[in-house]
Amino acid sequence: GGEVMKNVIVSVCAVALLIGGWLVFVHYSQEKIDSFNQFIKDDIITAVEASDWQNSNKKMKKLNKDWHKYKKVVIFFLDTQTINEIDYSMAKAVKYVKAEDVSNSSGELNAMVEQLAFLCTNDEVNWGNIF
């Protein structure tokens, strides 16, 4: 019976690790998305609406870089379609800011905030991406 018990314990530990890792990931992801959204709303949209294009461009570059770093981590866990939509919005927002287009920039950035918020709620657990 000792061998069976050992296997059960190993299985339980493996599942606990998986769930633990997932919870850590979900927490990390939620914090990251909150900070993206905070940054978009407080920094970028504010700069865009003030027509401060130099700052808007700088902040857009930072957001884009941070997003792509984050995306490398989350692509395995989260809904790929939503990630692609955010990518698309990001690309458009970068272009609109470069073009110094206030209404399209802020529109696209606000859409991105919604998509980012959706990314976490949509994927409490996307086991399809894990198994």
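Numbers for residues simply follow the sequence, beginning at 1.
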Engineer: How are the rings of F36 and Y70 set to each other: parallel, tilted or perpendicular (split at 30° and 60°)?
Structural biologist: perpendicular
Engineer: Mind checking whether M60 and M90 have side chains closer than 4.5 Å, heavy atoms only?
Structural biologist: yes
Engineer: Could you give me the CA-CA distance, side-chain angles and deciding distance for F25 and L78, then say whether side chain to side chain contact (heavy atoms under 4.5 Å, CB included) is met?
Structural biologist: CA-CA 11 Å; F25 167 75; L78 299 180; 4.1 Å; yes
Engineer: Taking all heavy atoms of T46 and all of K41, pick out the closest pair and write down the distance.
Structural biologist: OG1-O, 3.3 Å
Engineer: Can you tell me how far the NZ atom of K59 sits from the CG atom of D43, to the nearest 0.5 Å?
Structural biologist: 4.5 Å
Engineer: Report the distance from atom NZ of K58 to atom CG of D52, rounding to the nearest 0.5 Å.
Structural biologist: 8.5 Å
Engineer: What distance separates N37 CG from I45 CD1, expressed to the nearest 0.5 Å?
Structural biologist: 9.0 Å
Engineer: Would you give the length of the straight line joining atom CG of L63 to atom CD1 of I40, rounded to the nearest 0.5 angstrom?
Structural biologist: 5.0 Å
Engineer: Check whether any side-chain N or O of S105 sits under 3.5 Å from a backbone N or O of Y96 as a donor-acceptor pair, and report yes or no.
Structural biologist: yes
Engineer: Is there a side chain to side chain contact (heavy atoms under 4.5 Å, CB included) between I86 and K71? Walk through the geometry before answering.
Structural biologist: CA-CA 10 Å; I86 294 168; K71 194 180 80 173; over 6 Å; no
Engineer: Do I83 and W67 come within less than 4.5 Å of each other through their side chains, counting heavy atoms only?
Structural biologist: yes
Engineer: Residues two or more places apart in sequence or in another chain: which of them pass ring pair (Phe, Tyr, Trp, His ring centres under 6.0 Å) with Y88?
Structural biologist: none
Engineer: If you look at every heavy atom in V74 and S29, which pair is closest and at what distance?
Structural biologist: CG1-OG, 4.2 Å
Engineer: Within the 3.5 Å criterion, strictly below it, is a donor on Q115 or S89 matched to an acceptor on the partner's side chain?
Structural biologist: yes
Engineer: Would you say that Y28 contacts I33 through its side chain, given a criterion of any heavy-atom pair below 4.5 Å between the two side chains?
Structural biologist: no
Engineer: Give, for atom CD1 of I75 and atom CG of N84, the distance between the pair rounded to the nearest 0.5 Å.
Structural biologist: 6.5 Å
Engineer: Can you tell me how far CG of L119 sits from CD of E114, rounded to the nearest 0.5 angstrom?
Structural biologist: 13.0 Å
Engineer: When you compare the side chains of Q30 and D34, does any donor N or O come within less than 3.5 Å of an acceptor on the partner?
Structural biologist: yes
Engineer: Taking all heavy atoms of S106 and all of V48, pick out the closest pair and write down the distance.
Structural biologist: N-CG1, 4.2 Å
Engineer: With a 4.5 Å cut-off on side-chain heavy-atom distances among I, L, V, M, F, W and Y, is there a chain of contacts connecting V4 to V12?
Structural biologist: yes
Engineer: Using the side chain to side chain contact (heavy atoms under 4.5 Å, CB included) rule, take K98 and W53 through it: C-alpha gap first, then chi angles, then the decisive distance, then the call.
Structural biologist: CA-CA 8 Å; K98 269 206 181 96; W53 297 112; over 6 Å; no
